[in-house]
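One structure is given below, encoded as structure tokens.
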Amino acid sequence: MPANLTPQYKEAEERFRNASTDEERLACLEEMMRVIPKHKGTEKMRADIKTRISKIKQKLESGKKSRGGGARRTSYLDHVEKHGAAQIIILGPPNSGKSSLVKLVTNTEPEIADYPFTTRTPMPAMMPFKTIQFQLVDMPPISRETYDGWMTNLIRNGDMIVIVVDVSADDLLESLDETLEVIRDAGIVLTGETIPEEYQNSVFCKKTLILANKIGEENAPDIFQILQEFYGDKFPILGISVLRNRNIEQFKRRIFEMLKIIRVYTKSPGKEVDYKDPIILPIGATVEDAAVSIHKDFAEKLQYAKVWGEGKFDGQRVTNSFQLTDGDIIEFHI
Ligand SMILES: Nc1nc2c(ncn2[C@@H]2O[C@H](COP(=O)(O)OP(=O)(O)O)[C@@H](O)[C@H]2O)c(=O)[nH]1
Ligand SMILES: [Mg+2]
């Protein structure tokens, strides 16, 4: 079987041959591992690279003990500054359509190709939804070979996880199992819509939505059913097709629902409502919470507020403990 090596891989290999230190060699090998096409034809090569990686690591480790540790090459990757209403980390096995999805729902141009490991660094992009925006972070594929410590920090910092799988691939369960295992081994618990009591506010537990991408392909209905049987009671699963533009709006809505947030618009007395930049609050939040989110002092000075919205009298005067709902308009009086 031909290996069909990509230019990126050949480049990494060239750098490896020219490397002069073990650190450099390790970095190149890791790069080679990340970019090498992952199919039967490269199986032996991948095994070989893996062996070299562990040998060099061993060598460096034993050197480190006598000389003291070195800086980590990938540390700059482990944080993406948050923007918008929430940060959603997009994970999954190679080639499932993560980057295609991000491209479709945001206005960016991530690299997409029909060979794996096209995405190598976290790529943030904004997804508009109604009057707000979510930040999606496209990620390199999650597999045992490619997982790196910086990914753990990034996942911990995210507000929610979306796992994209290819529901037309026969090895879906295998690759999803591996993705989940790798994340679990990194100490992160993935749950469905509801975070268990013991994990409330923990960075180690993340709500997760599974997107079964590529519905409409030949094998998809059968594999979707198998996916449902194995994981349906653990995670919400939504079938989508990026290529056929199916269920994409549902996807956005599910994100909003799972985050359990509301949008509250503010207005100043006698002025128009600001519909562009709502306050984002958890479901159940009160007038006081809304005031605090603007400014701590603001809440202390607050006399009363007026609220417009569904099920309220227009401009109804309310107290600090009044519970707000999605789409409410609030006018603070201080
Ligand atoms: N049939 C089909 N192919 C898709 C769909 N979405 C993405 N692809 C293809 O799957 C391949 C991998 O896509 P990419 O977004 O790079 O996957 P990633 O590795 O998960 O980021 C590309 O050839 C895409 O064109 C889909 O809904 N249906
Ligand atoms: Mg990608």
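Remember, it's 1-based here, ligands and their atoms both numbered in the order they're listed.
- Look at Pro141 and you'll find every heavy atom at least 4.0 Å from all atoms of ligand 1.
- Checked against a 3.5 angstrom limit, the closest N/O atoms of Pro93 and ligand 1 fall outside it.
- Inclusion of Lys98 in the set of residues having an N or O under 3.5 Å from an N or O of ligand 1 is warranted.
- Between Gly97 and ligand 1, an N or O atom pair is found at a separation short of 3.5 Å.
- Of the heavy atoms in Glu217, only side-chain atoms (C-beta onward) come closer than 4.0 Å to ligand 1.
- Using a cut-off of 4.0 Å between Lys/Arg side-chain N and Asp/Glu carboxylate O, Asp185 and Arg144 are scored as salt-bridged.
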side-chain hydrogen bond (donor to acceptor under 3.5 Å, both in side chains) between Thr208 and Lys234: does it pass, once the steps are laid out?
CA-CA 9 Å; Thr208 304; Lys234 209 147 177 251; over 6 Å; no
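- Taking 4.0 Å as the cut-off between side-chain N and carboxylate O, Lys44 and Asp48 do not count as a salt-bridged pair.
- Under the side chain to side chain donor-acceptor pair (under 3.5 Å) criterion, Gln135 pairs with Gln87, not counting sequence neighbours.
- With a heavy-atom cut-off of 4.0 Å, Asp138 does not touch ligand 1 at all.
- Between Phe332 and Phe298, the angle of the ring planes goes over 60°, which puts this pair in the perpendicular group of the 30/60° scheme.
- Phe235 and Val182 fall within the same hydrophobic cluster, where Ile, Leu, Val, Met, Phe, Trp and Tyr residues are linked whenever their side-chain heavy atoms come under 4.5 Å apart, directly or through other members.
- Polar contact check, Ser241 against ligand 1: a nitrogen or oxygen pair lies under 3.5 Å apart.
- Annotation for ligand 1: atoms under 4.0 Å from non-hydrogen atoms of Ser100 are 7 (C), 13 (O), 14 (P), 15 (O), 24 (C).
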